[in-house]
Amino acid sequence: MGEAQRRLLGYRSALLEPPMAVPSVSTLLTARLVEAVRVAGLDGYDIAVERLAPTSKAGFGDYQSNHAMRLAKAVGQPPRVVAERIKQALEADEAIARVEVAGPGFLNLHLKDEWLCQRLALQCEDPAGGVEDSGQGRTVVIDYSSPNVAKRMHIGHMRSTIIGNALHRLYQASGWTVLADNHIGDWGTQFGMLIVAWRRWLDPVAFEADPVGELERLYVAFREAASGDAGLEDLARQETARLQAGDPDNQTLWKRFVAISMAEFQGVYDRLGVQFDMTLGESFYNPELPGVVESLLGSGLAEESEGAVVVRFAEDAAEKSVRGRTLVIRKQDGAFLYGTTDLATIEHRLASWAPARAVYVTDGRQQLHFQQVFAAWKAWRQARGLDPQAIELVHTWFGTLKLPEGMMSTRKGNVIRLVELLDEAVRRARAVVDEKSPSLDEAERASIAEAVGLAAVRYSDLSQNPQSDVIFDWDRMLAMDGNTAPFLLYSYARCRALQRKGEVQQPGVQALAVSHPLEAALVRQLLRLPDVVAAATEGHRPNLLCDYLFDTAQAFNRFYYEQKVLQAESEALRASRLALVEASARVMGRGMELLGLRPLGRM
RNA sequence: GCAGCCAUAGCUCAAUUGGAUAGAGCAUCGGACUACGAAUCCGAAGGUUAGAGGUUCGAUUCCUCUUGGCUGCGCCA
């Protein structure tokens, strides 16, 4: 079966099966294109039917197809002739006002306003907001945030937390069963150091005031002391070994460190609206690690080398970046590494939940590591006679966040704490709220500032391509003008303000109609939400949704500026424009929620 | 040395993954409020998409090379 037919069947079944209550405009039009190609007698060629997309320019109609140009060579006819044949078969459609063949063979579809308004009403009344549930029946594990115990979260943890959480929300919206796992760093040699430092240098008063801050200070103090005293390192190793052997005193201390740290993390998560389904840190997998190494040794994939156990990748390995490299899974001293843990983690996830996919949201510097782990795991599965494709492993990495002076380092102490960043954001938002909305009472202004400030931080991170590096800059991170979260929030609040002022009891979208080009543009823009969410989810790119929401807010503001809503020229116009306001609010509100921004009725 | 990522307006970034005349924000300049919220809107100016080849109807996007930058590469995570 060719790709075209596969896709064709996919679209057809998608239209017939009940779970997808409201197909998007592009889904409907693509299905109609497939049908038109068939009617025109042009099917049967093994050419993928590309999804119809909005045109790049308003003058080219509403949606365009480039299919004729792809088909031309296979058919052996000029693209414009092919386009004409498809056009004939397409024009009878109830949704389509007219079709134009343009340029080398573009099919430009002009759609009927009435039909689009009907689609928008259906989209808005759909509980899912018209977002197609393409993940229905599938489970995805999303591994994100993953801070280290005994350290306060700094801005280096921000991207994984914010991007990971946006992906979490996007996957849920697309119908996936999502299991969010916070794979915290709660195990390893640093605990021996901390235990030594705790017993020697703990400042109980400082600990009382800021527990995790004191743990951090102890860690730094240890590093400093150890640089002039090799004996300390040995001591730390002994304590780590004791901890791992189950020594009760060390276990108690370790558990305390973990609990204290989790409480601190939770404060940040609560503010950011981040929730995990589970927090299975490195320590959780500890009992499995000897078995992992034994199994890899037994299957011949791992070997001993210089006292350690390593997996070597062949020079002709399928994954180019892994060729000739080695992954150490047990150190000379018998300790395991995080690669070992990652292998055990995949096994555990597969055995427990059988997810179709696992997504790791980390810094791009870990690319090689994950490629090695994934390759090793697949080889290991194969060696055991198991399906190496049982789970789709995806490392969705993001660019490094750097300070202008260079890399951040806990050891050097040049970190900006996440809490500081959030507080500063709220402070700056508060100044703007006080200036713009002095009439609101103190409590409401505080609440608005919290939402606006946090939204600004979040949006500044989400609104660019995740994979580009970021140089940290206060003013940029906390900007409140232009393409920022406050602009989106403001646009949404305007909708709600109109409804308050108009005393609209139950805002609805049934009266939707178009009476002006700006309204036509807004309706079309609002209808794109489902496709954008799908693209942002599959591409792991929340910035696509940010771009879309910014465009949507601009389209709304243009409409708002130009058209009277409450004082419309007639009752019918007032009703249709109020419906358009409600539709805008629903689309913008839903989009913001998918990014983790809390829409405000007033600001 | 090997591998990965990147180079687009003065600055920060987009470009529906190969589509039509490369778009936004900020900054600059010029306009629009006795107000359905100006945290807004309209306009101007700003480009050889690092460079050179190639693939094809069509390239910012794919391939090769060059230049320049970031990152990673056996016992940290």
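Everything quoted here is computed from the prediction, not taken from an experiment. Letters A, B, ... mirror the listed sequences (proteins, then strands); counts begin at 1.
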Hey, is the side chain of [X] pairing donor to acceptor with the base of [N] inside 3.5 Å?
X        : N     : result
A:Glu562 : B:C41 : no
A:Arg541 : B:U17 : yes
A:Gln371 : B:A3  : no
A:Asp551 : B:A14 : no
A:Tyr338 : B:A77 : yes
A:Arg323 : B:C2  : no

Mind checking [X] for me? I need base, sugar-phosphate or nothing, with any heavy atom below 4.0 Å counting as a touch.
X        : result
A:Leu368 : sugar-phosphate
A:Ser321 : sugar-phosphate
A:Met69  : base
A:Gln563 : base
A:Asn66  : base

Check your understanding: Is A:Phe550 stacked on the base of B:A24 when the test is centres under 5.5 angstrom and planes under 30 degrees?
Key -> no
Review point. Are OP1 or OP2 of B:C36 and a side-chain N or O of A:Lys501 less than 4.0 angstrom apart?
Key: no
Review point. Within the structure, does a side-chain N or O atom of A:Lys331 lie under 4.0 Å from either OP1 or OP2 of B:C76?
Key: yes
Point to revise | Atom P, compared across B:U55 and B:C13: separation rounded to whole Å | key: 35 Å
**Study point:** Nearest-Å distance once atom P is located in both B:G37 and B:G18
**Key:** 45 Å
Review point. Would you call B:U16 syn or anti, using the 90° rule around 0?
Key: anti
**Study point:** Among B:U40, B:A39, B:U16, the one nearest A:Pro54 by side-chain distance
**Key:** B:U16
Check your understanding: Any cation-pi pair here, A:Lys331 with A:Phe336, using under 6.0 Å and within 45°?
Key -> no
